[in-house]
Amino acid sequence: MASPKRLQGLIAATITPMTPDGEINLSVIDQYVDYLVKEQGVKSIFVNGTTGEGLSLSTQERKQLAEAWVTKGKDKLDHVIIHVGALSLPEAKELAKHAAAIGASAIAGIAPFFLKPTNKDTLVAFLREVASEAPGVPFYYYHIPSLTGVKIRVEELLDGIKEQIPTFQGVKFSDTDLLDFAQCVKNNKEQFALLYGVDEQLLSALVLGASGAVGSTYNYLGKENNLMLEAFAKQDLTAAKQYQLCTGEFLSFVFKLGFGVAQTKAIMTSVSRIPMGPPRLPLLNASKDFIEKAKAKLDRLTCC
Ligand SMILES: CC(=O)N[C@H](C=O)[C@@H](O)[C@H](O)[C@H](O)CO
Ligand SMILES: CC(=O)C(=O)O
């Protein structure tokens, strides 16, 4: 599905649907694609990332999911980006090769996070090996220091990276360090897609020049965020700010209750009525109380 279109706009970080007994559930992916496109206006996805519990899945499961998303998204989605990052280099390489073989639009990788790279050069060396398994497929670095603990600044990482990794196309930047993000934009805007990944701060990143956004909340707040992007494109900052504050009101509410991937899964089940199932250990199901409160808050939210 090598798409000529540049990566931009909203990209939903997909949830991995599971059956009640915790197996991956491929049977609802078709419905999920339609829901994103028709109900949320979101036409690009990021598969097997944080929200998709990618690092809690087996390699076999990750391949099956990648294949299902690419197949079901064909002719419906603009971009299907497969996250192939892993602790083990051979595993990440195998996933990259597989993603290329099934026709993914792009691949992405995090830094290995148990034995960690301690400097830019070792991180680039790792990513280069992964990317080179998919020589025709755009590669994105997935920066999420809160989870990986790898805090190498992206500004530094991007300097000269294209010479090392010819398929390098951009970054999914899931961090609140807007100075680092701004420097990335300043130095690389023409060359790379800079995708912001802290949904509650997207407008600030847009002001700095973000190309688009990857996040969990675009699964169920896609419409509102699309309206924010439209307002921003028309330079209507007053309206754009209202949308950001409105979706932020919801996020602030759920953060106080305790929010993470398990809660995202439950919210999406209740909003889309597609059964996303339970999360996998070490995550536990969101509580009934959380689900009720979050749902009530969403129902009362009037962003549009
Ligand atoms: C840590 C995490 O999961 N970050 C997600 C993407 O990177 C975001 O989409 C957040 O879920 C979202 O911004 C809410 O905090
Ligand atoms: C949020 C995000 O981008 C991820 O789930 O990987």
Side-chain angles (χ1 to χ4, degrees), residues 7 9-17 32 36 40 42 44-57 62 65-66 69 79-86 95 99 104 106-111 113 140-151 154 170-178 181 193-206 210-222 224-225 228 243-268 271 276 279-280 282-283 286 290 294 297-298:
L7 206 40
L10 296 184
I11 300 157
T14 55
I15 290 159
T16 293
Y32 191 164
L36 288 175
Q40 299 294 338
V42 171
S44 294
I45 58 173
F46 187 90
V47 173
N48 292 340
T50 306
T51 306
E53 300 171 86
L55 280 299
S56 305
L57 302 168
R62 291 176 69 171
L65 283 155
W69 283 109
H79 298 272
V80 177
I81 306 153
I82 306 293
H83 175 247
V84 302
L95 288 166
I107 57 172
I110 48 169
F113 54 89
Y140 292 84
Y141 172 56
Y142 179 3
H143 180 61
I144 184 155
S146 61
L147 292 180
T148 61
V150 176
K151 300 192 170 110
V154 184
V171 179
K172 167 181 165 2
F173 191 106
S174 288
D175 187 38
T176 52
D177 184 345
L178 287 171
F181 187 74
L194 299 161
L195 307 164
Y196 197 63
V198 182
D199 310 2
E200 54 277 30
Q201 300 187 174
L202 174 55
L203 181 56
S204 310
L206 289 173
S211 326
V214 187
S216 67
T217 65
Y218 311 132
N219 282 291
Y220 56 91
L221 290 169
E224 293 77 359
N225 278 285
M228 182 172 82
Y243 289 118
Q244 182 76 95
L245 294 178
C246 184
T247 56
E249 183 186 326
F250 174 72
L251 284 171
S252 173
F253 179 81
V254 290
F255 288 171
K256 284 176 228 152
L257 297 175
F259 181 77
V261 171
Q263 287 68 29
T264 294
K265 235 168 164 168
I267 292 169
M268 186 60 172
V271 174
M276 295 297 160
R280 180 168 285 177
L283 302 184
F290 173 89
K297 182 74 184 172
L298 258 187

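In each ligand, atom 1 is the first atom listed, and ligand 1 is the first ligand listed.
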Where the side chain of [X] meets the backbone of [Y], is there a donor-acceptor pair that is under 3.5 Å apart?
X    : Y    : answer
K265 : T16  : yes
S211 : L194 : yes
N225 : Y218 : no
E53  : N48  : no
H79  : I81  : no

Passing candidate, side chain to side chain contact (heavy atoms under 4.5 Å, CB included) with I110, options T148, V150, V84: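 Of all the options given, the one that passes is T148.
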Positive for side chain to side chain contact (heavy atoms under 4.5 Å, CB included) with P145, one of T176, D177, V154, D175: D175
Non-hydrogen atoms of [X] versus ligand 1: any pair closer than 4.0 Å?
X    : result
T51  : no
K172 : yes
Y218 : no

Shortest heavy-atom approach to [atom] - which of [options]:
atom                   : options                : result
atom 2 (C) of ligand 1 : I144, V198, V214       : I144
atom 1 (C) of ligand 2 : I110, T264, T51, D199  : T51
atom 4 (N) of ligand 1 : S146, G248, G260, G197 : G197

Side chain proximity check, Y32 to N219, heavy atoms < 4.5 angstrom: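 Contact flag for Y32/N219 side chains = yes.
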Side chains of S216 and T264: does their closest heavy-atom pair fall under 4.5 Å?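 Yes - at least one pair of side-chain heavy atoms lies under 4.5 Å apart.
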I need the atoms of ligand 2 closer than 4.0 Å to a non-hydrogen atom of [X], numbered in the order shown.
X    : value
Y142 : 2 (C), 3 (O), 4 (C), 6 (O)
S216 : 1 (C)
F46  : 6 (O)
A13  : 1 (C), 2 (C), 3 (O), 4 (C), 5 (O)

CG of L283 to CZ of R280: how many Å apart, nearest 0.5 Å? 10.5 Å
Among protein heavy atoms, which lies nearest atom 13 (O) of ligand 1, and at what distance?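 Nearest neighbour among protein heavy atoms for atom 13 (O) of ligand 1, to 0.1 Å: E200 OE1, 2.7 Å.
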Proximal atoms of ligand 1 relative to T50 (non-hydrogen, under 4.0 Å): 3 (O)
Under 4.0 Å from any heavy atom of G215, which atoms of ligand 1 are there?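 Matching atoms, with element in brackets: 9 (O).
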May I ask you to check if ligand 1 and S174 share an N or O to N or O distance below 3.5 Å?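 Looking only at distances, the answer is yes, because the N/O contact criterion of under 3.5 Å is met.
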May I ask you to check whether S216 has an N/O atom sitting below 3.5 Å from an N/O atom of ligand 1? yes
Does any N or O atom in K172 lie less than 3.5 angstrom from one in ligand 2, N or O only?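 Yes, at least one N or O pair falls under 3.5 Å.
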Check contact between H83 and ligand 2, using heavy atoms of the residue and a distance below 4.0 angstrom. no
D199 and ligand 1 - part of the residue with a heavy-atom distance under 4.0 Å: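 It is both backbone and side chain that touch ligand 1.
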Validation row, ring centre F46 to ring centre Y142 under 6.0 Å: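 They qualify: ring centres under 6.0 Å apart.
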